[in-house]
Amino acid sequence: MAEKILLTGGAGYIGSHTYVALIDAGYEVTILDNFTNANRSVVDRLEQLTGKPVSIAEADIRDATTLAGLFAEHQFDAVVHFAALKAVGESVERPLDYFDVNISGLINLLRVMDAAGCRRIVFSSSATVYGVPDETPTPETAEFRAMNPYGQTKISGEQILNQLVAADERWKVGILRYFNPAGAHDSALIGEDPRDIPNNLMPYIAKVAAGELAELQVFGDDYDTPDGTGVRDYIHVVDLAKGHVLSLAALLGEGQGHLVNLGTGEGHSVLEVVSAYKRASNRDVPYRITERRAGDVPVYVARADKAEEVLGFRTEHTLDQMCASSWKWITGPHSQEDPGPEGNA
Ligand code: NAD
Ligand code: UD1
């Protein structure tokens with residue numbers, strides 16, 4: 001019988017791609033999402049993509065009663081936990097909301113899981129836990145450095161999970177530290193499309209290429225990098241989704257807990273991403289060099305060997321493919337729909 005998975009935040013950007021990968025891998029999946037950062041139409045599109053009805057609960061991760069009811073109904077074997085708030089700037093302005101959803105929400109979920117006897121969880125962490133790392137490519141052994149309340153919530157989440165495992169070995173935990181997710185599903189049915197002005201590079205460039213924004217501001221060209229602009233390890237969201245399937249298989253199979261970076265191990269500068277996007281879209285991407293962005297890190301690149309060793313994880317998609325799929329999504333039929341509150345679909 002297929003194993004049953006609860007996918008929190010499954011209507012969001014990474015969660016929706018992971019939903020498709022989990023269904024393809026034969027799991028029975030229920031999504032829990034409160035749609036604060038997702039569009040309800042994503043459910044229809046997931047049905048279109050998978051050819052199956054979507055099991056979905058519209059609920060808040062902090063709502064223990066609803067969660068307990070879901071566990072009683074479905075007898076989940078494991079949880080993949082995406083539901084969180086993720087905007088760095090907003091976390092500086094409203095830290096309590098971030099602590100509430102990202103930390104209290106996690107604790108609430110863990111309590112309900114424990115009571116239901118479901119003790120396997122994949123947790124969405126981030127390269128942001130490294131702050132400004134001493135070493136690049138950055139290994140998982142690098143120390144925690146919180147740069148802002150959002151980063152603090154990811155560090156706290158990891159620590160809570162580690163202490164839970166130390167207290168009770170029945171817990172099996174997969175911690176995945178994502179580098180910079182980019183791109184979209186090749187069907188152009190799901191992707192990332194913020195309604196407001198995007199903070200992240202690729203969605204911003206997409207809107208410039210589409211003519212919705214006039215120009216890209218390149219935040220600084222005086223970093224100690226080959227062309228002076230910031231370097232990141234961009235990872236295709238479909239590769240990232242596959243990482244969750246492997247993580248889950250390790251937890252459900254051998255019961256092997258793990259902590260791994262999910263990145264490609266390769267860095268690209270802002271100007272390289274601009275060039276790649278121009279090639280993919282066949283559009284111009286005007287840009288202007290401006291001041292450095294406060295709190296920015298010069299280089300984030302993953303040491304990617306541990307994920308390969310422990311999970312057999314290897315990325316398959318290139319930066320050009322991330323740009324091409326982003327462009328296909330941005331110009332596809334669903335780009336005309338009214339997006340959700342922040343617009344992810
Ligand atoms: P997203 O905002 O698209 O997805 C998060 C989903 O969680 C949304 O659908 C939202 O509606 C839902 N959600 C938010 N608060 C909720 C609550 N209280 N109860 C129930 N559902 C709630 O974000 P994403 O980019 O898909 O990120 C998913 C996870 O990965 C997050 O934990 C994020 O911190 C982490 N992460 C993201 C990135 C990135 O660059 N996108 C990088 C590193 C880590
Ligand atoms: C940001 C967050 C980080 C989060 C990550 C993924 C900050 C300070 N950090 O990281 O915590 O984990 O997103 O969601 O917000 N750039 C431009 N012009 C732009 C936008 C970005 O030049 O308009 C540059 C940045 O300076 C950086 C690179 O592009 O060098 C990537 O930026 P971005 O996509 O925002 O990701 P991160 O900075 O890695």
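No experiment lies behind these values; they were computed from the predicted model shown. Counting starts at 1 for both ligands and their atoms, following the listed order.
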Residue, atom name and distance, where the atom is the protein heavy atom closest to atom 39 (O) of ligand 2:
Arg232 NE, 2.5 Å

heavy-atom search around atom 34 (O) of ligand 2 in the protein gives Leu201 N, 2.8 Å

Any heavy atom of Tyr234 sitting closer than 4.0 Å to ligand 2?
yes

Residue Phe35 vicinity, atoms of ligand 1 by number, heavy atom under 4.0 Å:
11 (O)

In terms of atom number and element, which parts of ligand 1 are under 4.0 angstrom from non-hydrogen atoms of Gly9?
6 (C), 7 (O)

Starting from atom 24 (C) of ligand 2, what is the nearest protein heavy atom, named by residue and atom, and what distance separates them?
Val270 CG2, 3.6 Å

In ligand 2, which numbered atoms sit nearer than 4.0 Å to a non-hydrogen atom of Val88?
2 (C), 3 (C), 7 (C), 9 (N), 11 (O), 15 (O)

Closest protein heavy atom (residue, atom, distance) for atom 19 (C) of ligand 2:
Phe219 CE1, 3.2 Å

Which atoms from ligand 2 have a heavy atom of Ser126 less than 4.0 Å away?
12 (O)

Look only at interatomic distance and state if Thr36 has a nitrogen or oxygen under 3.5 Å from any nitrogen or oxygen of ligand 1.
yes

Ligand 2 atoms in contact with Val218 (distance to a heavy atom under 4.0 Å):
22 (O)

For Asn199, take its heavy atoms, then give the atoms of ligand 2 lying under 4.0 Å from any of them.
20 (C), 35 (O)

Lys86, Glu58, Met202, Glu192: member with heavy atom nearest to atom 25 (O) of ligand 1
Lys86

When you look for heavy atoms under 4.0 Å from ligand 1, do you find them on the side chain of Ala127, its backbone, both, or neither?
neither

Tell me, which protein residue and heavy-atom name are nearest atom 6 (C) of ligand 2, and how many Å apart are they?
Asn200 ND2, 4.1 Å

Between Phe71 and Phe76, does the ring centre distance come in under 6.0 Å?
yes

Here the atoms of ligand 2 under 4.0 Å from any heavy atom belonging to Gly230 are 30 (O)

Which heavy atom of the protein is the closest neighbour of atom 35 (O) of ligand 2, given with residue, atom name and distance?
Arg293 NH2, 2.8 Å

List ligand 2 atoms under 4.0 Å from Asn180, heavy atoms only on the residue side.
36 (O), 37 (P), 39 (O)

Which atoms of ligand 2 have any heavy atom of Asp296 under 4.0 Å away?
8 (C), 25 (C), 26 (O), 38 (O)

For Gln217, atoms of ligand 2 separated by under 4.0 Å from a heavy atom
17 (C), 18 (N), 19 (C), 22 (O), 23 (O)

